[in-house]
There are 2 protein chains.
Amino acid sequence: MASNAVMEETLQVLKDHKLRVTPQRHIILAYLVSHHNHPTVETIRDGLSKDLPNIGASTIYNTLNTFVDHHLVVELQNGDGSTHYDYFGTPHYHAICTNCGRIVDVTYPGFSDTEKNLEKKTAEISGYMISGNHMEVYGLCPECQIKLGIKKND
Amino acid sequence: MASNAVMEETLQVLKDHKLRVTPQRHIILAYLVSHHNHPTVETIRDGLSKDLPNIGASTIYNTLNTFVDHHLVVELQNGDGSTHYDYFGTPHYHAICTNCGRIVDVTYPGFSDTEKNLEKKTAEISGYMISGNHMEVYGLCPECQIKLGIKKND
DNA sequence: TTGTTACATTGGAATGGTTCTCATCTGTTA
DNA sequence: TAACAGATGAGAACCATTCCAATGTAACAA
């Protein structure tokens, strides 16, 4: 179970988004807020086996889809066949390892400007009314660089 | 069938990447180069029904996966459940309509710098050895803005 | 507090895009 | 031209996700 602070925070988040507060939603959101492991549905189910031993897979899917619709959570594909989820409390993007699938969160000062600029340019050029974006960077994580015997020449 | 110019170009692309030149690969690549419709496997199969009436679905999947591995083609999800493919001859990114799934190519002067900067920052922060990136922007396409009766206030 | 109602949860069945298998075929290279 | 590694094709298999119908429950009002 997540800490009381997290439980209070997530309760407020659900209310702010006018989402009906069910134990399932509350606990799943708290799990996502307090874990940065980019879990799949199965990972979440395993992680909640004590808090919600009887939760249905459909509920987890429904809940996550609802969170995605409300922009609380983003979906990620790392090539392993199933979708990964990430609580999106603060703006960031992801670096994904092309060898092992490891996902890490990345941000830097000025990233928010980069993002805004991309959205602005896109709106101008395409005429789309922009609601969001998704940025990913691919490469070999440090561990896989070693594992594969690749040396960085910098 | 694509034009002779496209057929020559794609032949060279395959050879440059040391890919065995089969009629299937040649024709699929030519299709992707000469269409900017971000097709699914089924779209491609339909589009090639005259050139390759007996092609197997597995072959199209295999071929596209090979092209993706060689960075000739990128995969796109627009939420309709199947993967879309796009020939990646020149750097660009995609704007995807959250209502109808329409995908359009976007680029602008300076985009390449934005991209390089993102990759550089990511390498510094994460330690990943970067090999590529993927950027997408979401919103309502002009048509859906009208269809949904949404007025832009700018 | 209670009743009402719209919405959420569940488990199992159904779906369908993608991968797998393996026999056959074919580019490529020597 | 021979030999072989690799590509193709048809269909079966896979499996993540969605669908469905019955049941349960959060939210709101009286």
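We name chains A, B, ... by the order of the sequence lines, and we start the count at 1 in each one.
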Distance (rounded to the nearest 0.5 Å) between N99(B) CG and L148(B) CG: 4.5 Å
dT10(C) OP1/OP2 closer than 4.0 Å to side-chain N/O of Q24(A): yes
Side-chain (E115(A)) to main-chain (M135(A)) donor-acceptor, under 3.5 angstrom: no
Option among D51(A), I44(A), L32(A) that satisfies the side chain to side chain contact (heavy atoms under 4.5 Å, CB included) test with I27(A): D51(A)
E42(A) atom CD, neighbour heavy-atom count above 12 within 6.0 Å: no
Criterion side chain to side chain contact (heavy atoms under 4.5 Å, CB included) against H38(B), the qualifying member of V74(B), I103(B), V104(B): I103(B)
Side-chain donor/acceptor of S58(A) to base of dG11(C), under 3.5 Å: yes
Between the first and last five pairs of the helix from dT1(C)-dA30(D) to dA30(C)-dT1(D), the angle of the axes, rounded to 10 degrees: 50°
Atom-to-atom span, CD1 of I60(A) to C1' of dT9(C) - whole angstrom: 12 Å
Exam field: side chain E136(A) to backbone H134(B), donor-acceptor pair closer than 3.5 Å: no
Under the ring-ring contact (aromatic ring centres under 6.0 Å, His included) test, residues paired with Y61(B) that sit two or more places apart: none
Any residue of residues 72-83 of chain B with a heavy atom less than 4.0 Å from an atom of DNA chain C: G81(B), S82(B), T83(B)
H94(B) side chain to D86(B) side chain, donor-acceptor N/O pair below 3.5 angstrom: yes
Residues which pass side-chain hydrogen bond (donor to acceptor under 3.5 Å, both in side chains) with T40(A), listed by chain and number, not counting sequence neighbours: T43(A)
d(CG, N62(B); P, dT21(C)) in whole Å: 12 Å
L14(A) CG to dC7(C) P, straight-line distance once rounded to whole Å: 17 Å
Base of dA8(C) paired with side chain of R25(A) (donor-acceptor, under 3.5 Å): no
Opening and closing nucleotides of DNA chain D in contact with chain B, under 4.0 Å to non-hydrogen atoms: dA5(D) to dG11(D)
Residue pairs involving residues 19-33 of chain B (criterion side chain to side chain donor-acceptor pair (under 3.5 Å); sequence neighbours excluded): T10(B)-H26(B), Y31(B)-N37(B)
